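Bear in mind the structure is a predicted one, so any value in this text is a computation, not a measurement. All heavy atoms count here, side chains included; hydrogens, waters and symmetry mates do not.
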Amino acid sequence: FQMAELLAAVDAPHLVFIDDTYIDRQTGKYVAEPHLDISDLHRLTECLHELSIELKRNFSISPVFHPHAETHICSESEIMNFLEIMDSDLLKLALDTGHHVYGGGDPITFMQSQHEHIGYLHLKDVSLDVLTQAKENSIPFMKSIGMGLFTQLGHGDIDFRSFHRVLTDVEYSGFAIYEYD
């Protein structure tokens with residue numbers, strides 16, 4: 001809870017949880033199974049719920065879970081499985097538009113349909129050409145970033161005008177940050 005104490009000391013409203021990667025970020029080799037079975041998913045979710053309760057009770061911090069490239073919860077189907085057992089009163093999602101596209105999803109339609117579960121945004125644009133090349137050639141995530149996977153906002157292939165319309169339509173009032181890796 002040292003991190004929570006530091007965040008509370010500066011009145012930070014959120015703590016972002018990210019699952020560990022199943023690929024070594026330096027070598028690109030698998031270090032764990034890429035998919036969680038249902039019991040492991042339940043165990044992960046229970047742990048996140050317990051941590052969320054403690055963070056809210058002791059530090060007034062709202063935790064969010066960030067589906068992330070090369071982790072156990074990245075694709076829309078993995079996120080949907082997680083949402084089925086996640087308690088949105090305890091924990092919200094951090095939707096990262098870039099990681100969502102990396103996992104094969106559409107952040108615009110996802111935000112439209114799942115906005116009640118999302119309390120935090122990472123706005124990141126993606127080059128679909130680089131993503132396609134990385135996927136076709138099994139290039140690890142970290143190397144694909146160096147190839148230009150993420151671009152300046154508006155220079156990639158995510159339609160942020162449509163994304164903004166969805167945010168307006170659903171009256172999104174959560175936190176958002178622009179990231180450029």
Side-chain angles (χ1 to χ4, degrees), residues 14 16-25 28-52 63-145 149-150 156-160 162-163 165-167 169-170 172 174-177 179 181:
H14 299 285
V16 179
F17 293 128
I18 299 175
D19 186 23
D20 198 8
T21 60
Y22 53 80
I23 291 179
D24 182 287
R25 296 208 165 218
K29 294 182 182 180
Y30 283 76
V31 294
E33 289 295 319
H35 302 287
L36 293 178
D37 64 28
I38 194 67
S39 66
D40 287 336
L41 182 59
H42 275 278
R43 192 169 25 260
L44 172 63
T45 307
E46 288 170 15
C47 179
L48 291 170
H49 286 162
E50 289 174 18
L51 287 169
S52 297
V64 293
F65 182 80
H66 183 321
H68 195 282
E70 295 180 348
T71 68
H72 297 104
I73 302 173
C74 179
S75 70
E76 277 197 24
S77 63
E78 291 165 338
I79 297 168
M80 294 308 292
N81 289 339
F82 179 69
L83 287 177
E84 284 183 25
I85 56 179
M86 184 188 87
D87 183 342
S88 288
D89 291 330
L90 296 176
L91 181 66
K92 296 287 187 194
L93 278 183
L95 174 61
D96 184 309
T97 57
H99 289 264
H100 201 80
V101 171
Y102 185 90
D106 177 353
I108 297 166
T109 59
F110 188 80
M111 184 70 189
Q112 211 165 23
S113 66
Q114 301 302 319
H115 60 90
E116 69 276 0
H117 299 292
I118 299 168
Y120 192 96
L121 296 172
H122 284 179
L123 304 175
K124 194 178 295 167
D125 214 341
V126 175
S127 166
L128 291 180
D129 288 339
V130 173
L131 178 59
T132 299
Q133 182 183 357
K135 296 287 185 169
E136 287 176 354
N137 296 295
S138 301
I139 296 170
F141 173 67
M142 293 304 287
K143 287 187 180 177
S144 69
I145 291 174
L149 173 67
F150 297 131
D157 294 297
I158 295 176
D159 180 357
F160 278 99
S162 293
F163 192 76
R165 277 192 293 278
V166 170
L167 294 178
D169 290 347
V170 301
Y172 179 75
F175 190 84
I177 187 169
E179 284 189 325
D181 295 343

Novice: If every non-hydrogen atom of Ser52 is compared with every non-hydrogen atom of Pro63, which pair is closest and at what distance?
Specialist: OG-CG, 3.2 Å
Novice: Using 0.5 Å steps for rounding, measure from the OH atom of Tyr22 to the CD atom of Glu33.
Specialist: 11.0 Å
Novice: What heavy-atom pair brings Val130 and Ser144 nearest, and what distance separates the two atoms?
Specialist: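 So the minimum-distance heavy-atom pair works out to CG1-O, 3.8 Å.
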Novice: Are there more than 12 heavy atoms of other residues, nucleotides or ligands under 6.0 Å from atom NZ of Lys143?
Specialist: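 Not more than 12 within 6.0 Å, no.
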Novice: Working note: His117 + Phe82, criterion ring pair (Phe, Tyr, Trp, His ring centres under 6.0 Å); need CA distance, chi angles, decisive distance, verdict.
Specialist: CA-CA 11 Å; His117 299 292; Phe82 179 69; 9.8 Å; no
Novice: Determine whether His49 and Met86 make a side-chain contact, defined as any pair of heavy atoms from C-beta on separated by less than 4.5 Å.
Specialist: yes
Novice: Take Asp129 and Ser127 through the test side-chain hydrogen bond (donor to acceptor under 3.5 Å, both in side chains) and record every step on the way to the result.
Specialist: CA-CA 5 Å; Asp129 288 339; Ser127 166; 5.0 Å; no
Novice: Where is the tightest heavy-atom contact between Ser39 and Asp37, given as atom of each residue plus distance?
Specialist: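 Heavy atoms only, the tightest pair is OG-OD1, 2.8 Å.
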Novice: If I take atom CD1 from residue Ile158 and atom NE2 from residue His100, how far apart are they, to the nearest 0.5 angstrom?
Specialist: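 Reported value, rounded in 0.5 Å steps: 9.5 Å.
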Novice: Hey, could you give me the CG/CE distance between Leu149 and Met142, rounded to the nearest 0.5 Å?
Specialist: 11.0 Å
Novice: Between Ile108 and Ser162, what is the shortest heavy-atom contact and its length?
Specialist: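 For Ile108 versus Ser162, the nearest heavy atoms are CD1-CB, 3.9 Å.
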Novice: Any chance you could lay out the side chain to side chain contact (heavy atoms under 4.5 Å, CB included) test for Asn81 and Leu36, step after step, and finish with the verdict?
Specialist: CA-CA 10 Å; Asn81 289 339; Leu36 293 178; over 6 Å; no
Novice: How about His122 and His99: are their ring centres within less than 6.0 Å of each other?
Specialist: no
Novice: Can Val64 and Val16 be said to form a side chain to side chain contact (heavy atoms under 4.5 Å, CB included), step by step?
Specialist: CA-CA 5 Å; Val64 293; Val16 179; 3.7 Å; yes
Novice: Quick one: do Asp96 and His68 satisfy side-chain hydrogen bond (donor to acceptor under 3.5 Å, both in side chains)? Show the steps, please.
Specialist: CA-CA 8 Å; Asp96 184 309; His68 195 282; over 6 Å; no
Novice: Give the C-alpha distance, both sets of side-chain angles, the deciding distance and a yes or no for side chain to side chain contact (heavy atoms under 4.5 Å, CB included) between Tyr172 and Val166.
Specialist: CA-CA 8 Å; Tyr172 179 75; Val166 170; over 6 Å; no
Novice: Are Val101 and Pro107 close enough that some pair of their side-chain heavy atoms sits under 4.5 Å apart?
Specialist: yes
Novice: Decide yes or no for Ile73 and Phe65: does some side-chain heavy atom of the first lie under 4.5 Å from some side-chain heavy atom of the second?
Specialist: yes
Novice: Return the CZ to CG distance between Phe17 and Leu51, rounded to the nearest 0.5 Å.
Specialist: 4.5 Å
Novice: Can Gln114 and Met80 be said to form a side chain to side chain contact (heavy atoms under 4.5 Å, CB included), step by step?
Specialist: CA-CA 9 Å; Gln114 301 302 319; Met80 294 308 292; 3.5 Å; yes
Novice: Should Leu93 and Ile118 count as side-chain neighbours, where that means a heavy-atom distance under 4.5 Å?
Specialist: yes
Novice: Output the distance between atom NZ (Lys124) and atom CD1 (Ile177), rounded to the nearest 0.5 Å.
Specialist: 10.0 Å
Novice: Leu167 versus Leu121: any side-chain heavy-atom pair under 4.5 Å?
Specialist: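 Side-chain contact under 4.5 Å: yes.
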Novice: Examine distances only and state if a side-chain atom of Asn137 and a backbone atom of Ile139 form a donor-acceptor pair shorter than 3.5 Å.
Specialist: no
Novice: Please evaluate residues Asp19 and His72 with respect to the criterion side-chain hydrogen bond (donor to acceptor under 3.5 Å, both in side chains), reporting the C-alpha separation (whole Å), side-chain torsions for both, the decisive distance (0.1 Å), and the verdict.
Specialist: CA-CA 7 Å; Asp19 186 23; His72 297 104; 2.7 Å; yes
Novice: On a heavy-atom basis, which atom in Pro140 and which in Tyr102 lie closest, and how many Å separate them?
Specialist: C-OH, 4.4 Å
Novice: Would you please classify the geometry between the Phe160 ring and the Phe163 ring as parallel, tilted or perpendicular, with 30° and 60° separating the classes?
Specialist: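 Phe163 and Phe160: perpendicular rings.
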Novice: Please report the closest heavy-atom contact between Cys74 and Ala69, naming both atoms and the distance.
Specialist: SG-CA, 3.7 Å
Novice: What distance do Phe110 atom CZ and Ile79 atom CD1 have between them, rounded to the nearest 0.5 Å?
Specialist: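 If we round to the nearest 0.5 Å, Phe110:CZ and Ile79:CD1 are 4.5 Å apart.
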Novice: Hey, is the main chain of Phe150 close enough, under 3.5 Å, to the side chain of Asp125 for a donor-acceptor pair?
Specialist: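 No; judged by distance alone, with no hydrogens or angles, the pair does not exist.
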Novice: For Glu76 and Asp106, indicate whether the former's side chain and the latter's backbone hold a donor-acceptor pair under 3.5 Å.
Specialist: yes
